[in-house]
Amino acid sequence: MDKTYQPKDIEQALYAEWERAGWFAPQGKGNSFCIMIPPPNVTGSLHMGHAFQDTLMDALIRHQRMCGRNTLWQVGTDHAGIATQMVVERQLEQQQQSRADLGRETFVERVWAWKQTSGGQITEQLRRMGASVDWSRERFTMDDGFSRAVAEVFVRLYEDGLIYRGKRLVNWDPVLKTALSDLEVENVEEKGSLWELRYPLADGRRTSTGDDHLIVATTRPETMLGDAAVAVHPDDERYAELVGAFVELPLVGRRIPIIADDYVDAEFGTGCVKITPAHDFNDYAMGQRHDLPMHNIFETDASLNDEVPEAYRGLDRYDARKQVLADLEAIGLRGETHDHKLMVPRGDRSGAVVEPYLTDQWFVAMAELARPAIEAVETGRVRFVPKQYENTYFSWMREIQDWCISRQLWWGHRIPAWYAPDGAVYVGRDEAEVRATHGLGADVPLEQDPDVLETWFSSALWTFGTLGWPEDTEALRTFHPTDVLVTGHDIIFFWVARMIMMTLRFTGEVPFETVYIHGLVRDAEGQKMSKSKGNGLDPLDLIEGIELEELVAKRTRGLMQPQMEKRIEKATRRDFPDGIPAFGTDALRFTFCALASTGRDVRFDLNRITGYRNFCNKLWNAANYVRLNTAEAELEGEIELSTADRWIVSRFQKLLTDVHFAYETFRFDVMAQRLYEFVWNEYCDWYLELTKPVLRDGSPSQQRAARRTLVEVLEAVLRVAHPVIPYLTETVWREVAPLLDRDGPTIMLEAFPVADDGRVDEDAEAEIEWVKGVILGVRNIRGEMNVPPGKAIDVLLAEGNESDRARLERNQGFLVQLARLQSLAYLDADTSAPASAIQLVGDMKVLVPMADLIDRDAELARLDKEIERRRAEVERVEKKLANERFTAKAPAAVVEKERGKREEALAALQTLAAQREEIAAL
RNA sequence: GGGCGCUUAGCUCAGUUGGGAGAGCACCGGCCUUACAAGCCGGGGGUCGCAGGUUCGAACCCUGCAGCGCCCACCA
């Protein structure tokens, strides 16, 4: 073993070995345990969110595997319709080509080719994270089997009347030229204007106040070309007389009615709303209520079509806006303009402003699917951790809208519907089935629907589709329902909810019993990591390290907004002046666990990972110490356990209890913290140090006891830590395990340690606390008095009780070694102590004779500080005890505890005060 | 407009049923003490956002307020 922990030397080779050996595949004898990986985009790359999520899943999986469960971590990738298609289209663009140039078949082949070449990247990165997924079962959402499941689900839903096709107003992305679901639209607040437009009253009508027009207020003047009415509130007295009359739509010349509808807010704007049923969701609904005609004025790219007057045809919607406003101005029909903040709908992929647009699309009727899915969470068949996310889930599910699932893309699962020349639609698993079922001969030409299904439609089938459904497979019976889903709160609606609905519908089972929701990974300033902001970190760079120049280049490469380059470069040079050192996978994983507290977002800070890299080094070196002291030694034979040996074993049982609890409650942070504390603050800081005097001066049986305990605790700690830091623990374990005649090939298949309450030893714990008290007391005097660390000093113990004397007897060697003493002795009751610096351990005095070591004034100052501390405590406790209501009403045990505190503090205070007087008199 | 979350040491965060305010990092002082300088030893530092209430007792429970963040929603 190297002296310093070098992760790069151990990680990659180990993973290859694990994978080759087939140890990731299910093999436990116990109950099944299964996690489905949220399938990443097949052509994507691993970002911090993945790395975080994969670490948590791997910890759970490795833990359960070591607990003996028959454990499957199902891996796979998603075809990610829009995202992947966009990447390939961008590549074509650089060659001055479009997908239309290639044609559908060639284009789809190109995407498959791209998937072949780049599809391995993310799975390679998953391997670098140490993820123990079962590669032999890897799936892809567009592989044959999964595609069959998708078609099967579509057909069955259609047959049950839950999938329908219809002309509806949908969210239309005019850049990607496809429909989007409600969830794929992000509403962003933006600054805009509220324009007032004058609509002349038709037929020469005037209002009772003499006006010959109405003023409507709108944020979208260009859509006036498609107006079908003007609406006012039915109770709005200002306009009551005009309801039923008409206005003449300017620029168009159409006569449109003035209608009353209580959707209108009389307080807003002018109280008159222009109604454009084909281009606004509210207006659409109103158009339905009032039977208004629909004037679709847009092409698929949101330029104006032939429905509008010639002057506007072909204009982009924003150019049309300017033109309409200018033309209205010219004829005196433009009113005031007000600044106005509005929510602008943008496509989450393209960023384009989404247009409500009337098209034929496929929909899933959701109400019937949602009902049992709501119930499953209500009854606890599915539980969310943290629980508050159940409310998020319920609120969306209870108001659920029908789901538009067709996309006007080429990459994805083609909709299994065929059209006959007469317009009839036939849905089936494939064309042959359609023909057979409906008796359509070869003479009837059928054309398949050109659209594909939204990616989330197939993702919704992930838990059962990957296990072989619709076949009744062994895997499905064994691993479904799965146990835990680990995912971010950003896809509860997109994915989690839809999985629950679809899985219940088609298997009658819930997809998973627990949904663990983790936070999003943000940068050290709390900003969301993104390519465009250039603040993202690549997990691989944290593992392997990266030079500053390369990091700058990487962050500024291929930016959508090149003007950001300077800023990103500056920030990068500021935040990472020396680039990023190689931390290794284990340190990264430990950091993720430590940051995963309660499902809230986490800030990723280089300081944290540095600390945990140091922790890995600490454990590595502790192992080095153990190895140096045990490899050549005889561990078999009679043993005589020291208090320290019993203490560390006892402390370890408590670690196990806490870790077990942490796994049960998904508190990865608690687990990481307890591991850190135990390894560093107990095993290394104290136990290892306590073995040193024994290994030097102890009897053979005492030495054997220490050596055995060192190895046994280390070996077991490695198993506890393995799910978090698999590489380090495997490497060290292979060196350590043989010392205990454990000969398994890998730590990952060894048993996870279980607490043994019989090995908890409260006496040993109390005694080591006492030992620590004495040592800390001496160290405090040393530190505060600036006694050189190398100087061995004399220490006396005084007063105290029999137990203190007995403890000294047993622990003399420990104290002398760890406090670096020249001598240590108990002072007889009748001998008076020399002038000393003092520390109290219980009511025993720890005395460091001042001789010429200690400065009188410094000791006085130190005493004053301690006296003040005790005085404050006495004061606080006495105040509490003086309160009769406290002594009367608080539980007796609490009162007793306070009394005990008072006694102890008072006694200490007295001793210290006497001591102070003595020193002051010198 | 509705809902949720957060506010604890300089920074990032723990604090499980209400009963002695914690960790890591940073900071100050001292050490190359034979596992580890990626280390060791000692130390300083908080009116727990604000205001009320419940209680013998509140960081924790209740109400209100403020600030920050997120989600949902049809006010043109």
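Reminder, nothing fancy here: chain letters follow the sequence lines and each chain counts from 1. Below, all heavy atoms of this structure are taken into account, side chains as well, without hydrogens, waters or symmetry copies.
Within the 4.0 angstrom heavy-atom criterion, only backbone atoms of the sugar-phosphate kind lie near Tyr676(A); the bases stay farther away. Within 4.0 Å of Asn780(A), counting heavy atoms only, lie sugar-phosphate atoms of the nucleic acid but no base atom. Within the nucleic acid shown, Phe268(A) comes within 4.0 Å of at least one base atom, counting heavy atoms only. If you check every strand for non-hydrogen atoms under 4.0 Å, Asp685(A) touches sugar and phosphate atoms only. At a threshold of 4.0 angstrom between heavy atoms, the contacts of Gly192(A) with the nucleic acid are absent. When heavy atoms are screened at a 4.0 angstrom cut-off, Arg779(A) is found touching the sugar-phosphate backbone but no base atom. Within 4.0 Å (heavy atoms only), Phe493(A) reaches sugar-phosphate atoms of the nucleic acid but no base atom. Using a 4.0 Å heavy-atom criterion, one finds that Arg667(A) contacts the sugar-phosphate atoms exclusively. Counting non-hydrogen atoms under 4.0 angstrom, Asn391(A) reaches nothing in the nucleic acid. Backbone-only engagement by Thr219(A) is indicated by non-hydrogen atom pairs under 4.0 Å involving sugar-phosphate atoms exclusively. Note on Glu689(A): a base of the nucleic acid sits closer than 4.0 angstrom, heavy atoms only. The residue Lys791(A) sits apart from the nucleic acid: no heavy atom pair falls under 4.0 Å. Heavy atoms of Trp195(A) sit nowhere under 4.0 angstrom from any nucleic acid atom. Using a 4.0 Å heavy-atom criterion, one finds that Thr665(A) contacts no nucleic acid atom at all.
Annotation: of the two residues near RNA chain B, Leu628(A) and Leu342(A), the 5′-most nearest-nucleotide partner is Leu628(A). For Trp680(A) and Asn629(A), each mapped to the nucleotide of RNA chain B holding its nearest heavy atom, the one lying further toward the 5' end belongs to Asn629(A).
rC56(B) and rC68(B) have their P atoms separated by 38 Å, given to the nearest Å. Rounded to whole Å, the separation between the P atoms of rC60(B) and rG69(B) comes to 25 Å. rG2(B) and rU12(B) have their P atoms separated by 31 Å, given to the nearest Å. A gap of 14 Å separates the P atoms of rU34(B) and rC41(B), to the nearest Å. Taking atom P in both rU16(B) and rG53(B), one finds a spacing of 25 Å when rounded to whole Å. Rounded to whole Å, the C1' atom of rC61(B) lies 30 Å from the corresponding atom of rG45(B). Here, rG22(B) and rU63(B) have their C1' atoms 29 Å apart, quoted to the whole Å. For the P atom pair drawn from rG42(B) and rC6(B), the interatomic distance equals 36 Å after rounding to whole Å.
Here the P atom of nucleotide rA23(B) and the CG atom of Asn607(A) are 18 Å apart, to the nearest Å. Taking atom CD on Gln6(A) and atom P on rC36(B), their separation rounds to 15 Å, with Å as the unit. Here the P atom of nucleotide rG20(B) and the CD atom of Glu898(A) are 6 Å apart, to the nearest Å. With rounding to whole Å, Asp669(A) atom CG is found 12 Å from rC13(B) atom P. The CZ atom of Phe494(A) sits 11 Å away from the P atom of rC71(B) (whole-angstrom rounding). Look at CD on Glu390(A): it is 13 Å from P on rG5(B), rounded to the nearest Å. To the nearest angstrom, P of rC4(B) lies 10 Å from CD of Gln388(A). Arg869(A) has its CZ atom 14 Å from the C1' atom of rG20(B), to the nearest Å.
In summary, Glu896(A) and Arg899(A) engage in a salt bridge, as defined by a charged side-chain N under 4.0 Å from a carboxylate O. Salt bridge absent: Lys879(A) and Glu875(A) never bring a charged side-chain N and a carboxylate O closer than 4.0 Å.
rA35(B) is unpaired under the Watson-Crick or G-U wobble criterion, no partner having all donor-acceptor distances under 3.5 Å. In this structure rG69(B) sits in a base pair with rC4(B), meeting the Watson-Crick or G-U test at under 3.5 Å. In this structure, rG57(B) forms no base pair with any nucleotide, since neither Watson-Crick nor G-U wobble geometry is met with both distances under 3.5 Å. Partner assigned to rG42(B) is rC28(B), using Watson-Crick or G-U wobble distances below 3.5 angstrom. Pair assignment for rU63(B): rA51(B), on the basis of Watson-Crick or G-U wobble contacts that are both within less than 3.5 Å. When both distances must be under 3.5 Å, the Watson-Crick or G-U wobble mate of rG18(B) does not exist. With a cut-off of 3.5 Å on both Watson-Crick or G-U wobble distances, the partner of rU12(B) is given as rA23(B).
Of the candidate nucleotides rC40(B), rA76(B), rA35(B), rA35(B) has the atom lying nearest to any side-chain atom of Cys684(A). Side-chain atoms of Asn883(A) lie closest to rC56(B) of the nucleotides rA76(B), rA35(B), rC56(B).
Partners of Glu399(A) under the side chain to side chain contact (heavy atoms under 4.5 Å, CB included) rule, at least two apart in sequence or in another chain, do not exist in this structure.
Annotation: side chain of Tyr389(A) is not in contact with side chain of Val496(A) (no heavy-atom distance under 4.5 Å).
For the pair Arg398(A) and Phe394(A), the cation-pi criterion (under 6.0 Å, within 45° of the ring axis) is fulfilled. For the pair Arg321(A) and Trp195(A), the cation-pi test (distance below 6.0 Å, angle within 45°) is failed.
Remark: of the listed residues Met343(A), Arg346(A), His340(A), Arg346(A) is the sole one forming a side-chain contact (heavy atoms from CB on, under 4.5 Å) with Glu190(A).
Side chains of Glu184(A) and Ser181(A): a donor-acceptor N/O pair is present below 3.5 angstrom, by distance only. Side-chain atoms of Tyr625(A) and Thr691(A) form a donor-acceptor pair, as typed in the model, at a separation below 3.5 Å. Under 3.5 Å, the side chains of Asp227(A) and Tyr199(A) contain a donor-acceptor pair of N or O atoms.
Side-chain nitrogen and oxygen atoms of Thr392(A) include none within less than 4.0 Å of the OP1 or OP2 phosphate oxygen of rC4(B). The phosphate of rU12(B) (OP1 or OP2) has a side-chain N or O of Arg603(A) nearer than 4.0 angstrom. The side chain of His340(A) places an N or O atom within less than 4.0 Å of a non-bridging phosphate oxygen (OP1 or OP2) of rA76(B). OP1 or OP2 of rG19(B) has not a single side-chain nitrogen or oxygen of Lys901(A) nearer than 4.0 Å.
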Check: Where along nucleotides 28-33 of chain B does protein come under 4.0 Å, by heavy atom, of base (B) or sugar-phosphate alone (S), with - for untouched nucleotides?
Finding: --S--B
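Between the side chain of Arg782(A) and the backbone N or O of Lys791(A), at least one donor-acceptor pair lies under 3.5 Å. At least one donor-acceptor pair closer than 3.5 Å links the side chain of Arg589(A) to the backbone N or O of Val724(A).
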